Each structure stands twice: as structure tokens, then as C-alpha cells.
4 protein chains.
Amino acid sequence: MTESGYDYFTTNRVAERAGVSIGSLYQYFPNKESLLFALAEHHANEMMRLAQHYLDPLGEISNRSILEVLQQIIKAAVAVHAVNPKLHRVLHEQVPHSEVMRELDQAKMENVLRSFLAHRRDQLQPENLDLTVFIIERTIRSLIYGALIDRPELLKTGELEQELLALLSNYLLKK
Amino acid sequence: MTESGYDYFTTNRVAERAGVSIGSLYQYFPNKESLLFALAEHHANEMMRLAQHYLDPLGEISNRSILEVLQQIIKAAVAVHAVNPKLHRVLHEQVPHSEVMRELDQAKMENVLRSFLAHRRDQLQPENLDLTVFIIERTIRSLIYGALIDRPELLKTGELEQELLALLSNYLLKK
Amino acid sequence: MTESGYDYFTTNRVAERAGVSIGSLYQYFPNKESLLFALAEHHANEMMRLAQHYLDPLGEISNRSILEVLQQIIKAAVAVHAVNPKLHRVLHEQVPHSEVMRELDQAKMENVLRSFLAHRRDQLQPENLDLTVFIIERTIRSLIYGALIDRPELLKTGELEQELLALLSNYLLKK
Amino acid sequence: MTESGYDYFTTNRVAERAGVSIGSLYQYFPNKESLLFALAEHHANEMMRLAQHYLDPLGEISNRSILEVLQQIIKAAVAVHAVNPKLHRVLHEQVPHSEVMRELDQAKMENVLRSFLAHRRDQLQPENLDLTVFIIERTIRSLIYGALIDRPELLKTGELEQELLALLSNYLLKK
DNA sequence: GATGAATGAGGTTTCATTCAT
DNA sequence: AATGAATGAAACCTCATTCAT
């Protein structure tokens with residue numbers, strides 16, 4: 001267990017990479033955990049900031065179709081995963097998952113989704129909004145992240161976005 | 001980095017838990033990585049053995065409907081994730097994702113899926129079989145694993161299985 | 001080595017407590033040792049200033065009995081240990097004993113004692129003045145300091161002073 | 001604060017001096033504090049073992065005079081302080097005093113003293129046995145330790161022992 | 001083979017000290 | 001002069017790995 005990127009994330013290396021001394025790092029963060037959390041939080045905020053960029057135009061009371069909304073959300077999710085993929089990966093593989101990451105990109109994205117879907121409840125096939133939000137968020141995120149790691153070409157060609165739209169719209173919309 | 005229960009996965013503790021000496025462990029595995037890999041492989045095999053149990057009855061050239069097949073696959077995936085959830089989680093957090101895990105549960109399940117779907121290509125809406133397999137496998141796995149960690153009640157009530165079937169069948173089947 | 005309250009004695013904390021910047025501290029003291037020494041010296045002077053208050057009335061050539069003198073010295077020693085007990089303790093635990101502290105409260109008190117006793121040599125039972133001074137000073141100091149730390153009630157009730165007087169007068173005076 | 005013997009007591013140096021690796025040290029002691037405590041305890045036990053050697057002959061119900069007893073106790077205390085003076089000093093200056101050392105040589109010696117004196121209460125001038133024990137123990141210990149550090153010649157010539165006996169017997173015995 | 005005490009590189013963290021502002 | 005952020009040597013401690021028994 002020596003190598004690549006995982007145990008590589010040491011406080012001394014973070015400090016060096018950041019161009020500060022290890023002492024300075026500890027002036028801002030009381031310990032490694034808090035440093036990791038701060039990085040994760042910052043990264044999540046960056047992602048959300050970008051997401052807003054894609055989602056704002058939709059407006060909350062807009063009369064866009066669910067299809068349009070979905071498409072935009074997927075586009076946002078793809079864009080968001082391009083923010084800092086290396087950091088994203090390290091955070092997802094270093095930070096005890098549920099405890100920290102859940103609070104961050106997951107929860108935030110779920111909130112956005114929930115409020116979008118709540119307004120269009122009558123057009124939705126699934127009845128349990130909470131469950132639906134969980135499924136959508138998780139599916140989008142895992143497919144995009146998985147593609148990023150294992151099938152990057154699917155993102156470049158736009159194929160994944162297309163299929164995600166098909167997958168989720170068929171599920172969400174009443175026939 | 002406190003422990004959060006998972007940094008507890010040290011070679012000495014693995015040996016003790018396994019009831020052998022640390023020295024014996026190193027007689028079988030040259031280093032921690034290989035030990036982890038072997039554990040992962042064994043676990044993946046356990047999962048596949050159980051999966052076969054669910055999938056064998058379908059037969060390869062059977063004339064079951066895709067819906068039936070999907071339902072059975074989902075059932076298999078849920079069962080399979082109950083094999084040793086704690087170990088499963090530890091492995092997912094310890095083993096560098098793409099490099100090892102892909103070789104294991106992912107790849108195996110993908111193969112099973114591919115051969116099932118290949119025989120029913122004409123009934124499928126999506127055209128790119130490879131992409132479809134990726135999407136199905138990933139979606140099933142991430143939703144079940146995610147529920148296991150964050151929403152275990154969804155598994156107990158069977159809700160998740162139901163929704164997964166809805167999600168994937170609507171996507172897969174021609175209208 | 002947890003803190004136990006006394007490893008808390010860091011230069012930065014001293015500066016903060018003193019209301020100056022750490023930079024300013026280092027303008028006056030070249031290093032921690034010299035700072036500690038200065039603190040110890042100041043503290044010792046404070047103690048001596050107070051001691052003089054008790055001892056001056058005795059006068060050097062006064063014709064007070066040794067008993068009176070002893071009593072006053074003990075009173076002075078008790079008062080002196082109330083000056084800043086916390087600082088006193090910290091200094092005793094931080095400053096290498098023999099090298100610094102000897103120069104301070106010990107030596108000064110010994111000088112005072114020596115000159116008092118020298119004038120009454122003929123009334124003293126012990127013959128070696130130097131040794132006597134060592135014993136008296138050390139006994140007074142260690143019993144008062146020890147009581148301060150471990151048996152503060154002995155100081156409040158005045159019991160310790162009484163016993164110290166008995167202990168030392170029986171030793172010093174000819175029968 | 002760089003130098004001599006105080007901050008010198010690091011875990012790595014202890015390990016090196018003990019001829020073991022730092023890892024081995026931590027196999028036996030969970031942290032530095034416990035190591036220090038164990039050293040202190042061992043040292044205190046060594047001292048007590050030697051003390052018993054001097055005190056056993058007295059017997060508990062013996063009819064030795066208090067003078068004889070005192071003399072023997074002082075002799076024991078002097079011998080005891082020769083056990084490992086360097087270690088003794090480090091322990092006294094490193095270990096948060098009251099918390100650890102008190103439990104050790106102090107308490108043990110106090111117990112021995114108390115039981116000796118309790119049997120001869122009617123011959124004692126002081127009335128408060130507890131206070132007397134505190135005074136005797138502390139006086140013996142501080143004078144011997146102080147001489148060891150600052151006036152070693154007093155120990156070699158036996159002068160200190162003599163004066164201690166005079167000091168304490170005059171105090172203890174009824175006239 | 002099996003054992004587990006021993007190893008030590010390297011990780012996290014502290015704190016005396018410096019120096020640009 | 002005064003400030004306090006920055007520095008980094010060095011402390012404590014962990015854990016994958018070795019090797020004498």
C-alpha cells in the first residue's frame with residue numbers, strides 16, 4: 001500500500017503542494033481531518049456555484065417542461081464534475097464517505113432537485129418524492145463519476161448525457 | 001484523520017480477526033495490497049456464486065421476457081449486497097476503485113448482463129449495447145450500495161427494488 | 001505527556017497573556033530560557049521585596065531573640081509564597097532547578113538568614129553555620145511549598161507555621 | 001530551551017538508550033506518559049525495596065527508641081536516594097509533580113512512617129500525627145534531595161544525616 | 001510452517017523562533 | 001518598535017513488514 005494518490009494525501013505533501021509550510025497549514029486547520037473537510041467543502045461550494053449557473057435560468061416558477069429541467073440538471077451535473085476531477089476523486093476516496101461527502105455535494109444537489117420536482121408533482125409518475133430524489137441524484141452522480149473514472153470517452157461524445165436523459169425522463173414522466 | 005472505524009483495517013487486526021498470526025498472513029500474501037485484493041476477490045466470488053443462484057434458472061437462451069430477467073437481476077443484486085456488507089464497504093473504501101474493483105464485481109456482473117441482453121437486442125430501445133450494460137450495471141450497483149449505506153429502510157421494504165425495475169424497464173424496453 | 005496545565009507555558013501563550021505580540025517578546029528576550037529566567041528573577045524580586053517588609057523591622061543588630069526572628073522569618077516565607085503561587089509553581093517546573101532557581105529565591109533567602117544567624121552564633125546549638133543555613137532555608141521552603149501544593153489547609157489554619165517554629169527552634173536553640 | 005537533560009527525555013532517546021526500537025517501546029507503553037509513569041513506579045519500587053532492607057530489622061513491635069528508629073529511617077532515606085540519582089532527578093523534573101510522584105515515593109514513605117510513629121504516640125511531642133508524618137517525610141526528602149543536587153559533599157561526610165537526626169529528634173521527642 | 005516481538009520509515013502535530021510588513 | 005503569519009526542526013506515535021525462535 002505505497003503508491004498512487006491515496007495514502008499520498010499527507011499533510012506535509014498538501015502543505016508543499018500548496019506552497020506553504022506545514023506549520024502554516026496547522027495555523028488554519030487544527031488537524032488533518034478539518035483540512036480535508038475544508039477542502040471538501042470548498043470543492044462542493046465550487047461545484048454548487050457552477051451548478052447554479054446552469055440552473056438559475058430555469059427559475060423556480062418557470063413553466064419549463066420536466067424534460068427541459070432534467071436536461072439542464074444533467075448538463076449541470078456533467079459540468080460540475082469537470083471542476084477539479086483529481087481533487088474530487090481524492091476526496092471521494094479519502095474522506096470517510098458518508099460522514100463528510102454526504103453533507104456536501106449530495107445533500108445540496110438533493111435539495112435543488114427536490115424543490116424543482118416538488119412544483120411539478122402532478123406530472124410525475126413516481127409517487128414518493130423523497131425516494132425519487134434519492135434515485136435521480138444518485139443515478140446521475142454515480143454514472144457521471146463512474147464514466148469520469150472508467151469511461152471518459154462517454155462524456156466527451158455526449159453519449160452519456162443523452163442516455164441519462166432517456167433513462168430518467170422515461171422513469172419520471174407520466175405516459 | 002480519526003479512525004471512523006475503517007482506518008481500523010490494519011494488517012495486524014486482519015490477522016487477529018482471522019485467527020492467524022501476522023507472520024502467517026505474510027506467508028500467503030506478499031503485502032497488504034495483495035491481501036486486500038485477495039479478500040476483494042474472494043468476496044466478489046462469494047457474491048457471484050450467490051448471483052448465479054438467482055440467475056441460473058433463467059437459462060441463457062430461455063424465452064423469458066426482459067422484464068422477468070431484469071427483475072431477477074435486480075433481486076440477485078440486492079441479495080448479493082447482503083453477503084457481507086461491512087466487508088463490502090471496507091473494501092470499497094480501501095481498495096483503489098478503478099484498478100481493482102472493476103476487475104471484480106463490476107466486470108463480472110457486466111459480463112452476465114451483456115450476454116443476457118445480447119440475445120434480446122431486438123427488444124431493446126437503446127442501441128449501444130456496451131453503453132447500456134454500463135448504465136444498467138452501474139445504476140443497480142450504486143443505488144443498492146447507496147441505499148445500504150444511507151437508506152437501509154428502502155431495502156427492507158422492497159421499495160428500492162420496485163423503483164429500480166420501473167427505472168430500468170422503462171429505459172430498456174421498446175414502447 | 002498530556003498537558004496537565006503546565007506544558008501550556010508556551011512562548012506564544014506567554015506573549016498573549018502578557019498582552020504583547022510574540023515578536024515584541026523576542027525583542028526583549030533572545031530566547032525562551034532568558035524569558036523564563038527574567039520571569040523567575042522578577043518573581044524572586046517580588047518575593048524578596050515582600051520579605052523585606054517582614055524582616056526590616058527586626059533590624060540587623062536588634063536584640064530580638066532568635067525565637068522572634070525565626071517566627072518572623074517563617075511568617076515572611078509563608079507570605080512570600082502567596083505572591084503568585086501559580087507562577088511560582090510553573091517556574092519551579094519549567095526552570096532547571098539548580099542552575100537558575102538557586103540564584104534566586106534560595107540564594108537570597110540564604111543570605112538574609114546567614115547574616116541574621118551570624119550575629120547570634122553563641123546562642124546556636126549547631127556549629128556549622130553554613131550547614132545550618134542550608135537546612136533552615138530548605139526546610140522552610142520545601143514545607144511551605146509542599147503544603148501549598150498538597151495540603152493547602154495547613155497554611156490556612158496556621159498549623160504549619162506553628163510546627164515549623166517548633167521544629168526549627170528546638171533545633172537551633174541551646175537548651 | 002534546548003539543552004541539558006530535561007527536554008532531552010524524548011521517546012526516541014529513551015528507546016535508543018534502552019537499546020530497543022521506538023516501535024518496541026510503544027508495544028509496551030501506549031504513550032509517553034505511561035512510559036514515564038512506569039519508569040517512576042519501577043524506580044519507586046526499587047527505592048522501597050532498599051528501604052525495607054533498612055527498616056525491616058526494626059520490627060513493628062520492637063522496643064527500639066524513637067531515636068534509633070529515626071536514625072534508621074534517615075539512613076534508609078539517604079541510601080534510597082543513591083539508587084539512581086540521575087533517573088530520580090529526571091523523574092522529579094519531568095513528571096508533573098503532584099500527579100505522579102506523590103503517589104509513589106512520597107505516599108509509600110509516609111505510610112511506613114505513620115505506622116512506625118503510631119505505635120509510639122505517647123512519646124511524641126507533636127500531637128497531630130498526620131501533620132507530623134507530612135513534616136518528617138518532607139523534611140527528610142527535601143534535604144537529602146537538595147543536598148544531592150546542590151551540596152553532595154554533605155552526604156559524603158555524613159554531616160547531613162547527623163543534623164537531620166538532631167533536627168527531627170529534637171522536634172519529635174518529649175523533653 | 002507458524003509465531004509475534006521487533007523494527008523503523010514516515011505520518012501527524014507542536015512550538016520556539018524569524019522576518020516581512 | 002511592534003506585529004503576527006510563516007517557518008521547520010523535531011517531538012510523539014502508527015503500522016506494514018521482517019525474522020529469530
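Numbered from 1 within each chain, the chains take letters A, B, ... in sequence-line order. No experiment lies behind these values; they were computed from the predicted model shown.
One interatomic measurement links the two molecules: CD1 of Ile22(B) to C1' of dT7(E), which rounds to 13 Å at whole-angstrom precision. Whole-Å rounding puts the Arg17(C) CZ to dG4(F) C1' distance at 19 Å. To the nearest angstrom, P of dC13(F) lies 10 Å from CG of Leu35(D). What separates OH of Tyr28(B) from C1' of dT17(F) is a distance of 18 Å, to the nearest Å. What separates NZ of Lys32(B) from P of dC15(F) is a distance of 8 Å, to the nearest Å.
Applying side chain to side chain contact (heavy atoms under 4.5 Å, CB included) to Asn84(B) and the options His42(B), Glu46(B), His43(B), Met47(B) leaves one that passes, His43(B).
In this model, the phosphate group of dA10(F) is not approached by any side-chain N or O of Arg13(D) to a distance below 4.0 Å at OP1 or OP2. Between Ser21(C) and the phosphate of dA2(F), there is no side-chain N or O to OP1/OP2 separation shorter than 4.0 Å. Between Ser24(B) and the phosphate of dT3(E), there is a side-chain N or O to OP1/OP2 separation shorter than 4.0 Å. For dA5(F), neither phosphate oxygen OP1 nor OP2 lies less than 4.0 angstrom from any side-chain nitrogen or oxygen of Gln27(A).
Residue Gln52(B) places its CD atom among more than 12 non-hydrogen atoms of other residues, nucleotides or ligands, all under 6.0 Å distant.
Pairing of dT21(F), defined by two Watson-Crick or G-U wobble distances under 3.5 Å, is identified with dA2(E).
With dT14(F), dT14(E), dA6(E) as the choices, the nucleotide that has an atom nearest any side-chain atom of Tyr26(A) turns out to be dT14(E).
Between Glu137(A) and Arg151(B), no side-chain nitrogen of the basic residue sits less than 4.0 Å from a carboxylate oxygen of the acidic one, so the salt-bridge criterion is not met.
Mapping Asn12(D) and Asn12(C) onto DNA chain E by nearest heavy atom places Asn12(D) closer to the 5' end of the strand.
No engagement by Phe29(C) is indicated, since no non-hydrogen atom pair under 4.0 Å with the nucleic acid exists.
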